[in-house]
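Notes to accompany the following structure.
Here, residue 1 is the first one in the sequence, and each next residue gets the next number. Read the numbers this way: they start at 1 and go in the same order the structure lists the ligands and their atoms. The figures that follow rest on heavy atoms only: side chains count, while hydrogens, waters and symmetry mates do not.
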Amino acid sequence: MNPDRAGLNALMEITSRPELIFTRGEGSWIEDHQGKRYLDFIQGWAVNCLGHNPPAVVQALIRQAAELVNPSPAFYNQPSIDLAVRLVGASCFDRVFFANSGAEANEGAIKLARKWGQLHRQDAYKIITFNHGFHGRTLATMSASGKPGWDRKFAPQVPGFPKAELNDLDSVRALIDDQTVAVMLEPVQGEAGVLPATVEFLQALRALTREHDMLLIVDEVQTGMGRTGRMFAYQHAGIEPDIMTLGKGIGGGVPLAALCAREAVSCFEHGDQGGTYNGNPLMTAVGVAVFDVLAAPGFMDGVNARAQHLSEGLLALSAKWGMQGERGVGLLRALIMDRDDGPALVEAARQRTPEGLLLNAPRANLLRFMPALNVSVAEIDTMLSWLDDLIKQIRG
Ligand SMILES: *Cc1c(COP(=O)(O)O)cnc(C)c1O
């Protein structure tokens, strides 16, 4: 039984979607309208950090919905204070502005850096970003992104985002002029295919930006909230950026994002920044519940142990099939194949019976894995064994 076409056609066509309607989820599993279950190693694109419908999120939503949903961002509410205090306490940042999506948080980071440039750097406004980087789908964040072809989509771009090469300090240095106010990057380029910035590169960027009185902005929308085995990925490099954005995992599946900044950089004046839903207690209460699970003693050790297990399993598959290895940090990993099998594997995995498998191929020659942070070792092993069979099936 296929879903009704007229119903599907009422939605704007923005991507090619399989004719399935997902109806329920639990942990690492999601179920479609026909009752078929799928092992989910996408998790809403690294969003459901505790899996589908985790009790912590469900309970926080129910509890908060009965108390207060939205007093307006012009007034304080307790969950937003509680979450800001937690984020500030766990990071090098002093102030938090909550947003509803990663792109919106990044827009805020860009505005904050430009504001700081107006106040302290004679209107410097350029932000060096990176080829293949991804920062969102608003006009400014598309301009900041380095996806091939995006410079011509929806032209003209928002100016002021010269592009450097990841892990190439000279390419950054060559772009710096009087107008450059900041460097912005993902600690691990996610959409580009899980390409980590090296520790040395992050440290050198921090030194370079200090030397030139520029800000360092980390887009941790995908890498933040424990995804890489530390609460924030910049912590692996032992550096202190000036601005950080969070999204995806911070809400455990609900729309929540954050712009975090050090006190010296938190220079918005009244009226510069805001938004109808920003910091609403319904979403920030979920953020508090998610944060408390991630910050519980032992949780991150478990993430690192399971990341190690996944990494070793992917390496073994790579060796068995003559592929080119795997890479990543924590539970954001990629299997690098020797040919463009990605789309075919994603398709075959979803169509697998009796249970399907949800995988993602951000590039045709690689698969990206972003399971729930509390995925079990047994679920990882199931995924690996199914993937092995699927590779056999695809390669005949
Ligand atoms: C997903 C993502 C974004 C955009 O977040 P949205 O919530 O989709 O707007 C920005 N930056 C990075 C690194 C991302 O992975």
Side-chain angles (χ1 to χ4, degrees), residues 12 14-15 41-49 97-113 127-147 150 153-154 158 161 163-164 166 182-197 202 216-228 230-234 236 241 243-260 275 277-280 283-284 286-287 290 328-334 360-363 366 368-371 373:
M12 206 174 277
I14 52 139
T15 187
F41 269 65
I42 298 177
Q43 288 290 357
W45 267 252
V47 167
N48 307 318
C49 59
F97 170 80
F98 289 110
N100 308 294
S101 72
E104 189 193 2
N106 284 335
E107 285 274 339
I110 292 163
K111 285 170 65 177
L112 190 60
I127 300 177
I128 297 172
T129 57
F130 290 84
N131 282 322
H132 303 293
F134 179 75
H135 299 293
R137 292 174 180 280
T138 61
L139 282 173
T141 56
M142 282 187 83
S143 305
S145 298
K147 278 201 158 193
W150 273 26
K153 274 197 179 187
F154 312 113
V158 176
F161 299 100
K163 300 289 180 306
L166 191 70
V183 174
M184 174 170 173
L185 82 165
E186 300 157 84
V188 180
Q189 285 189 339
E191 302 308 304
V194 191
L195 290 166
L202 287 170
L216 180 62
I217 305 172
V218 285
D219 174 349
E220 296 233 19
V221 169
Q222 189 158 146
T223 56
M225 309 313 293
R227 178 55 53 185
T228 68
R230 303 283 298 258
M231 190 61 94
F232 309 112
Y234 76 80
H236 290 286
I243 297 175
M244 171 175 74
T245 55
L246 297 169
K248 298 200 166 99
I250 190 177
V254 305
L256 179 64
L259 161 63
C260 309
Y277 297 116
N278 296 50
N280 72 79
M283 298 304 130
T284 49
V286 173
V290 169
V329 191
L331 283 174
L332 179 58
R333 311 210 71 86
N360 167 245
R363 292 192 167 193
L366 61 86
R368 174 173 49 169
F369 304 86
M370 26 193 177
L373 299 182

Minimum-distance protein heavy atom relative to atom 6 (P) of ligand 1
Gly102 N, 3.4 Å

Would Gln222 count as being in polar contact with ligand 1, using the rule that some N or O on each side must be under 3.5 angstrom apart?
yes

Just how far is it from atom NZ of Lys248 to atom OG1 of Thr223, taken to the nearest 0.5 Å?
9.5 Å

Please list, in number order, the atoms of ligand 1 under 4.0 Å from a heavy atom of Ser101.
7 (O), 9 (O)

Out of Val221, Asp219, Leu246, who gets a non-hydrogen atom closest to atom 3 (C) of ligand 1?
Val221

Please could you name the atoms of ligand 1 that His135 approaches to less than 4.0 Å, counting only its heavy atoms?
10 (C), 11 (N)

What distance separates Ser145 OG from Asn106 CG, expressed to the nearest 0.5 Å?
8.0 Å

Test of understanding: given a 4.0 Å heavy-atom threshold, classify the contact between Lys248 and ligand 1 as side chain, backbone, both, or neither.
side chain

How far is atom 9 (O) of ligand 1 from the closest protein heavy atom, and which atom is that?
Ala103 N, 2.8 Å

Using a plain distance cutoff, I'd like to know if Glu186 has any nitrogen or oxygen under 3.5 Å from a nitrogen or oxygen of ligand 1.
no

For the CD atom of Gln43 and the CG atom of Asn360, what is their distance to the nearest 0.5 Å?
12.5 Å

Are there over 12 heavy-atom neighbours, none belonging to Leu195, within less than 6.0 Å of that residue's CG?
yes

So, the side chain of Gln222 versus the backbone of Ala46: is there a donor-acceptor pair under 3.5 Å, distance only?
no

Between His135 and Thr129, do the side chains contain a donor N or O and an acceptor N or O under 3.5 Å apart?
no

Once you restrict to heavy atoms under 4.0 Å, what part of Phe134 touches ligand 1? Side chain, backbone, both or neither.
both

Tell me whether atom 11 (N) of ligand 1 lies less than 4.0 Å from at least one protein heavy-atom position.
yes

Number the atoms of ligand 1 from 1 as they appear, then name those within less than 4.0 Å of a heavy atom of Asn106, with their elements.
10 (C), 11 (N)

